[in-house]
Amino acid sequence: MDGSITAMLRNKIWFVFCALFVFWFLLLYGFDWSFLPGLATISHEKSIQSLDPNSIRVTDNHEGKEDVTSNLMNATNFGVDNSGNTTNAVAGTKEKKFNDWSTEDEVSEDVDDLEKELEPIFLKDDANREKEEQQNKCRGRYIYVHDLPSRFNDDLLKQCKSLNKWTDMCQYFVNNGLGSELGNPAKIFSRTGWFNTHQFSLEVIFHNRMKQYECLTNDSSEAAAVYVPYYAGLDVSRHLWGSNASVRDSDSLSLIKWLRERPEWDVMWGRDHFMVAGRITWDFRRGIDDDNHWGNKLMVLPESKNMTMLTIESSPWNSNDFAIPYPTYFHPWTDNDIVQWQNRMRKQKRKSLFCFAGAPRPNIEDSIRGEVMNQCKSSNRRCCLMECSDQRNKCQKPVHIMKMFQNSVFCLQPPGDSFTRRSTFDSILAGCIPVFFTPASGYVQYLWHLPRDFNKYSVLIPEDDVKNRRVSIEKKLSQISKSRVSAMREEVIKLIPNVTYADPRSRWQKFEDAFDLTVKGVLERLESLRQEMEEGKNASLSYDEEDSWKYFTFGKVDKHEWDHFFLRADRSKYY
Ligand SMILES: *[C@@H]1O[C@H](CO)[C@@H](O)[C@H](O)[C@H]1NC(C)=O
Ligand SMILES: *[C@@H]1O[C@H](CO)[C@@H](O)[C@H](O)[C@H]1NC(C)=O
Ligand SMILES: *[C@@H]1O[C@H](CO)[C@@H](O)[C@H](O)[C@H]1NC(C)=O
Ligand SMILES: *[C@@H]1O[C@H](CO)[C@@H](O)[C@H](O)[C@H]1NC(C)=O
Ligand SMILES: *[C@@H]1O[C@H](CO)[C@@H](O)[C@H](O)[C@H]1NC(C)=O
Ligand SMILES: *[C@@H]1O[C@H](CO)[C@@H](O)[C@H](O)[C@H]1NC(C)=O
Ligand SMILES: *[C@@H]1O[C@H](CO)[C@@H](O)[C@H](O)[C@H]1NC(C)=O
C-alpha cells in the first residue's frame, strides 16, 4: 500500500520534472533564436569567419546544431544518458553556445538528476539504436567517390588561366567554385550568399558539395552509387576551338580506361557510376571522328552509355544524360537566408510585364531571337530589353541582370545556341515567371527539379507561332489573369531552394537544394536499374532512344502534342 502511494507520488514528481525539463530544453535548443535579426547576423558572420575559405568542413557550430535538433525530434531521447556520444555532443554545443547564460547550470543539474532517474524506465540500448538509425538513414544512399588522379580534376583548376580562350577562369574557382563574392553595393542582392558564379562551374561546385554528403563511404561494396569527380567540361573547354579531334578526346579516353581498370567497374559494368559535366551535352557528343565536327566524344563512348551523365542541358534524343540546373548567383548558407529572399521576392514591385536579356543569333537560320527582340522593342515600355551584343555589355554583370528580372513579371527564355539557358534559373531566383518557346528548354530537361505541372509555374508560346508572326507575346501575356499570375509567381518563388546550390561549406536543415534533389534522382534511377537487371528486364529495349525525352518525361512514348518540337531530319546531326 505505502509502497504504491510513494510510487504514485514519485511518478507525479517525475512528471513535473519531465515537463519542466522538456520546457527548458525546448526553450534553449528547440526554439529557433536565429529569427531575431541581431542574433541571426551575429551567428552567421561568426560561422563564416571561423572558416578557412579553402576548407569544406562544416563548423562545429553547424554540426552540433544538427545533432541537437535531430534529438529533439524524438521525445524519448531526452536526457537519456546512454554514455554514448550524443549526450557529449549536446553538452559540447551547450558549452560553446550558452556558457554565459546563468540558467545553464540549473538546467544541467536537472538533466543529470533526470538522466539517472529515467535510465531504468527507457530502453537501455539507445546508443545502439542511434547507430542503427544512422545506418538506416544511409541505407541505399551510400556513395563511393573515386579518388581520381589529379590531372582529371584539381590540375585543371590550377590551369585556370589557360582553360578558356577569352576569359581568365581563376576568379570563378575561388570559394569552392562559387566565384568571388559580390557583396551588395546596389542593394539588389541580400547581404551575404551572392557570388559571381560562372555558368560552367557546376562540376566544381558539385564535387565540393559531394565532399559534405552525409552518406559517403570508402567501402565500395556498400555503395549504392559511384561518383566520378572528373571535370569533363573544364577539360574539353581547353580544346573546343582549334584543336583536332584526337586532342579533344584524349583525356576523356584515358579517364574511361582508368575507370574500366577499377574493380568497381566490373560490379555493374559502370551502370552504378555517375558524373557531372558542367557544359551542355553537345560539347561531348561528337558522333563522327572528324576534326571539323564539334566537341569530344565522351558521351557517345560505350562506357559512358552505361553511366548516368549529368549535364546542364541533356539530349532529348539520348538516354544516358540527365539535366540538372545551371548554377546561378545565390548560394545561401542557411534555410533562413532562403526564406528571407523568398519573402523579399514576394513583396517586390514589378513594373515591366516582360523582359529579355540576350543577343540575337543572325547566323542561326531558325532562331526566333530576332523576332522576340523586335516584339520587345515595339511593346511600348511594357517590355525591357538588355542587349548583350557589344563587348562592354551589362549582361555579364549579375547586378544588372538581377535588377531587371526582379522588376519584371515574365522573363522570356527563347533558345540560343542550344535549347537551355542559365537565364531560366536567374529568372526563377528573381521570382520572374519564365516564358519558354519549346519544351526542350526546360520541361523535358530538369525532371528532378521542376514540377511536372508546367502550366503552374511557366508559360509556353510555341516557337513556330513566333517565327511565323502568328502571335503577339505582349498580348498573350497580358491576357493571363491577375490571380493566375500571382499563383504562378508563388510557385516560382517556392521553387527557389530546389534550383539553388547551397554554399558547399554549409549545410541546410530544412530545404533540399539542387544537389540534394540530384542525388535523390540518381539514386532512384540506379535503384530501378538494379531491379531491372535482377529481373532480367531491359527497359531501354522497350522504346526507340530517339523518344528518350518522352519516355523520361511521361513514362510512355505514345503520340504527343509536343512531337513536332522534337522532329529532326538527321539523327547523326546532334543539334
Ligand atoms: C523515436 O524513437 C523511436 C524508438 O524509441 C523510434 O522508433 C522512432 O523512429 C524515433 N523517431 C524519430 C523521429 O527519431
Ligand atoms: C564516441 O566517440 C569516440 C571518439 O570521440 C569514438 O571512439 C567512439 O567509437 C564513439 N562511440 C560511439 C558509440 O559512437
Ligand atoms: C575515406 O578514407 C579517407 C582516406 O583514408 C579518409 O580521409 C576519409 O575520411 C574516409 N571517408 C569515410 C567516409 O570513411
Ligand atoms: C592533332 O594535334 C596534335 C597537336 O597539335 C598533333 O600532335 C597530332 O598529330 C594531331 N593528330 C592528328 C590525327 O592530326
Ligand atoms: C555495358 O553494360 C552491359 C550490360 O548492361 C555490358 O554487357 C557491356 O559490356 C557494358 N559496356 C561496357 C563498355 O562496359
Ligand atoms: C521542391 O522540392 C521538394 C523536395 O525537397 C518538394 O517537396 C517540393 O514540392 C518542390 N517544390 C516545388 C515548387 O516543386
Ligand atoms: C539493354 O539494351 C540496350 C540496347 O540493346 C543495351 O545497350 C544495354 O546494354 C542493355 N542493358 C542491359 C542492362 O542489359
Side-chain angles (χ1 to χ4, degrees), residues 141 226 228 238-253 255-274 286 288-293 296-309 319-320 324-325 335 338-339 342 345-346 425 428-429 431 433-434 442-443 446-458 487-502 508-521 523-526 528-541 545:
R141 295 177 57 214
V226 177
V228 182
R238 298 175 298 173
H239 309 303
L240 281 173
W241 295 270
S243 297
N244 61 33
S246 59
V247 167
R248 276 177 256 149
D249 291 340
S250 113
D251 275 354
S252 287
L253 292 173
L255 172 91
I256 296 290
K257 181 165 174 290
W258 187 93
L259 285 177
R260 286 197 65 157
E261 285 165 0
R262 300 303 112 186
E264 286 78 21
W265 185 267
D266 298 331
V267 177
M268 276 178 84
W269 304 284
R271 284 186 185 277
D272 53 354
H273 286 41
F274 72 102
R286 196 192 65 242
I288 302 161
D289 275 340
D290 179 328
D291 292 349
N292 294 323
H293 282 74
N296 72 12
K297 59 178 176 187
L298 172 65
M299 300 236 184
V300 297
L301 297 170
E303 289 81 3
S304 306
K305 287 189 171 166
N306 279 5
M307 289 192 263
T308 296
M309 314 290 274
S319 57
N320 65 330
I324 62 177
D335 301 291
I338 279 276
V339 172
Q342 286 177 309
M345 289 307 100
R346 285 185 179 106
F425 300 98
I428 291 173
L429 180 57
I433 301 163
Y443 306 155
Y446 308 99
L447 300 174
W448 302 325
H449 297 83
L450 299 183
R452 294 302 165 107
D453 195 348
F454 319 108
N455 296 320
K456 260 174 101 174
Y457 71 95
S458 68
M488 277 162 111
R489 178 163 51 243
E490 180 55 27
E491 195 66 16
V492 167
I493 289 171
K494 277 201 212 137
L495 261 179
I496 293 175
N498 300 27
V499 299
T500 299
Y501 293 94
W508 295 358
Q509 312 287 334
K510 183 174 135 206
F511 293 120
E512 290 178 299
D513 77 337
F515 170 89
D516 294 322
L517 294 177
T518 301
V519 167
K520 232 173 159 178
L523 291 174
E524 272 167 26
R525 170 176 153 78
L526 296 185
S528 63
L529 278 181
R530 268 201 188 84
Q531 218 160 3
E532 258 179 37
M533 281 172 89
E534 264 167 35
E535 293 166 6
K537 285 191 205 149
N538 187 347
S540 49
L541 292 177
E545 193 175 7

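Note that the numbering runs from 1 along the sequence shown for the chain. We count ligands from 1, going down the list as the structure has it; atoms in each ligand are counted the same way. Heavy-atom basis, side chains included; hydrogens, waters and symmetry copies ignored.
Residues forming a side chain to side chain contact (heavy atoms under 4.5 Å, CB included) with Arg141 (at least two apart in sequence, or on another chain): Lys137, Tyr213, Glu214, Cys215, Leu523. Contacts of Asp266 classified as side chain to side chain contact (heavy atoms under 4.5 Å, CB included), with partners at least two apart in sequence or in another chain: none. Considering only residues two or more places apart in sequence or on other chains, Tyr457 meets the ring-ring contact (aromatic ring centres under 6.0 Å, His included) condition with none of them.
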With the criterion set at N/O pairs under 3.5 Å, what does the list of contacts between the protein and ligand 6 look like, atom names and distances included?
| from | atom 1 | to | atom 2 | distance (Å) |
| --- | --- | --- | --- | --- |
| ligand 6 | 2 (O) | Asn498 | OD1 | 3.4 |
| ligand 6 | 2 (O) | Asn498 | ND2 | 2.4 |
| ligand 6 | 5 (O) | Glu512 | OE1 | 2.4 |
| ligand 6 | 11 (N) | Asn498 | ND2 | 3.0 |

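Using a cutoff of 4.0 Å between basic side-chain nitrogens and carboxylate oxygens, Glu261 and Lys257 are scored as salt-bridged.
Counting heavy atoms closer than 4.0 Å to ligand 5, residue Arg271 contributes side-chain atoms (C-beta onward) but none from N, CA, C or O. For Arg260, every heavy-atom contact with ligand 5 shorter than 4.0 Å involves the side chain, none the backbone.
In this structure, Arg260 forms no cation-pi arrangement with Trp258, as its terminal cationic atom is not both closer than 6.0 Å to the ring centre and no more than 45° off the ring axis.
Note: no N/O pair closer than 3.5 Å links Asp291 and ligand 4 by distance alone. Between Asn306 and ligand 5, a contact under 3.5 Å exists for at least one N or O pair.
In terms of heavy atoms, Thr500 sits closest to Asp513 at O-CB, 3.2 Å.
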Worked verdict on Val300 versus Arg286 for side chain to side chain contact (heavy atoms under 4.5 Å, CB included)
CA-CA 7 Å; Val300 297; Arg286 196 192 65 242; over 6 Å; no
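Using modelled atom types and a 3.5 Å distance limit, the side chains of Asn296 and Ser252 yield a donor-acceptor pair.
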